[in-house]
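Indexing begins at 1, ligand by ligand and atom by atom, following the structure's order.
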Amino acid sequence: MRACASFLLVGLLLAGTSAIAAELPIFDAHVHYSHDAWENLPPKDAIAILRRAGVVRALVSSSGDEGTQRLVAEAPDLVLPSLRPYRTRGDIATWVRDESVVAFLEDRLARQRYVAVGEFHLYGTDADLPVPQRMVALAREHRLVLHAHSDTDAIERLFKQDPAARILWAHSGFDSPDAIRAMLARHRNLWCDLAFRSEPGGGGKVPAEWRALFTDFPDRFMVGTDTFTPERWHYIVEHAAWSRAWLADLPPPLAERIAWRNADALFAALFPKSAPARSQ
Ligand SMILES: [Zn+2]
C-alpha cells in the first residue's frame with residue numbers, strides 16, 4: 001500500500017509543471033537515503049525529485065551507507081556523501097558504546113571518499129566515550145566535517161577533542177536563537193543547518209530574532225529537509241519552495257548564502273569529483 005502511494009506521489013511530483021527549478025538554487029544539507037527509502041524510491045527517482053526541487057547539491061547520508069553510494073553513482077555532480085556511524089536504523093541508540101562501529105567507519109573510509117561524518121546522534125558526556133572519540137579522530141585524519149545532532153554540551157566536548165574540527169550542528173541543536181548565537185560566537189568552525197525547523201520562516205516572514213542571527217552570522221547557516229523517514233522524500237520539493245519563500249524576506253545576498261553558498265563553501269572543495277554549483 002505504501003509502495004503504491006509512494007509511486008503515485010513520485011509520479012505527481014515528476015509530472016508537475018512548476019518553475020521551481022529556475023529559481024534560487026538550494027543546497028539541501030540534510031538528506032538521508034536509508035534502505036527503507038530506496039526500496040520504494042529508486043535512485044533515479046530520488047535524484048529526479050532533487051532536481052525538480054531545484055536542489056543543486058545535497059549532503060546525503062544513509063544508515064548502511066549503500067543508499068548514499070547509490071545516489072552518488074546516479075548523480076556525482078549533485079550528491080555529496082556523508083558517512084553515518086550506523087549500519088542500520090537501530091544503531092542510532094547504541095552506536096556510542098559499540099566498538100564494531102569503529103571498524104565499520106574505518107572500512108568505509110578506506111573504500112570511499114566523503115565530505116562529512118554523520119549525521120550522528122550524540123549527547124552530553126557520551127561524546128567522550130571511546131567510540132565517538134575514535135570517530136572524531138578519523139574525521140580529523142580524513143578532514144571531514146562532523147554533522148552532529150547534539151546538545152551544546154556534546155558540541156563543546158567535540159571541540160575540546162579537536163579544536164580545529166568543523167562541525168555542522170544539525171537542526172541548530174533545536175535550540176533558541178540566543179543559545180545558537182552564543183555557540184556561534186564561541187566557535188568560528190561551527191555551522192548550523194535549519195532542518196526540521198519552521199521558526200525561521202513561518203508564513204514567509206523571518207522573525208526579528210532570526211533575522212538578527214542570520215545578519216550577524218551570514219556565513220554559518222544552511223537549509224536542509226531531513227528525510228529521516230522515507231515519506232519525507234516527497235516533501236523535498238515543497239521544502240525547497242517553502243525555504244525560497246522565507247529566504248525572499250531577506251536581502252538577496254544573505255538569502256543566497258543560506259540557500260546554497262554557505263554549504264557549498266564548506267563542502268564542495270572537499271569533494272573534487274563533483275562539478276561546481278551553478279553560479280547565480
Ligand atoms: Zn537527520
Side-chain angles (χ1 to χ4, degrees), residues 26-41 46 49-50 53 55 57-72 78-96 101 104-105 108 114-123 126-127 132 135 139 144-152 154-155 158 166-175 180 183 190-201 220-240 242-243 258 260 262-263 266-267:
I26 296 287
F27 187 134
D28 195 317
H30 199 133
V31 175
H32 305 297
Y33 188 58
S34 296
H35 50 91
D36 45 3
W38 45 262
E39 277 163 14
N40 292 330
L41 185 70
I49 287 177
L50 291 169
V55 170
R57 275 194 167 131
L59 180 67
V60 176
S61 62
S62 61
S63 298
D65 197 50
E66 187 183 341
T68 302
Q69 298 308 326
R70 287 184 179 205
L71 283 199
V72 170
L78 197 158
V79 176
L80 297 184
S82 181
L83 177 60
R84 293 197 106 170
Y86 307 156
R87 292 146 299 188
T88 66
R89 200 177 284 280
D91 281 344
I92 289 178
T94 54
W95 76 278
V96 292
V101 165
F104 170 72
L105 292 173
R108 301 310 304 175
Y114 301 91
V115 299
V117 169
E119 177 206 19
F120 54 82
H121 299 74
L122 186 63
Y123 307 98
D126 280 0
M135 180 189 68
L144 305 175
V145 172
L146 294 165
H147 193 189
H149 183 134
S150 295
D151 54 9
T152 55
I155 296 290
L158 292 173
R166 288 165 306 162
I167 299 178
L168 174 57
W169 197 13
H171 317 286
S172 308
F174 286 118
D175 240 318
I180 298 166
M183 289 299 280
L190 181 67
W191 287 264
C192 294
D193 83 39
L194 296 165
F196 216 70
R197 307 267 326 227
S198 56
E199 313 98 298
R220 310 284 201 94
F221 289 93
M222 51 194 77
V223 294
T225 302
D226 195 1
T227 50
F228 62 90
T229 61
E231 290 76 15
R232 281 185 64 84
W233 265 89
H234 305 297
Y235 180 58
I236 284 178
V237 172
E238 189 185 325
H239 178 267
W242 177 81
S243 300
I258 297 171
W260 67 276
N262 291 342
L266 177 61
F267 291 113

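- Partners of A37 according to the side-chain contact (heavy atoms from CB on, under 4.5 Å) rule, which considers only residues two or more places apart in sequence or in another chain, are Y33, P230, W233.
- Residues H32 and H30 have side chains that bring a donor and an acceptor to within less than 3.5 angstrom of each other.
- Take S62 and apply the side-chain contact (heavy atoms from CB on, under 4.5 Å) test, not counting sequence neighbours, and it matches S34, T68.
- For T94, the side-chain contact (heavy atoms from CB on, under 4.5 Å) partners two or more places apart in sequence, or in a different chain, are D91.
- Between E119 atom CD and Y86 atom OH the span is 7.0 Å, to the nearest 0.5 Å.
- Protein N/O/S atoms closer than 2.8 Å to the Zn ion (ligand 1): H30 NE2, H32 NE2, E119 OE1, D226 OD1.
- Checked by atom type and distance alone, the side chain of R232 pairs as donor or acceptor with a backbone atom of D226 at under 3.5 Å.
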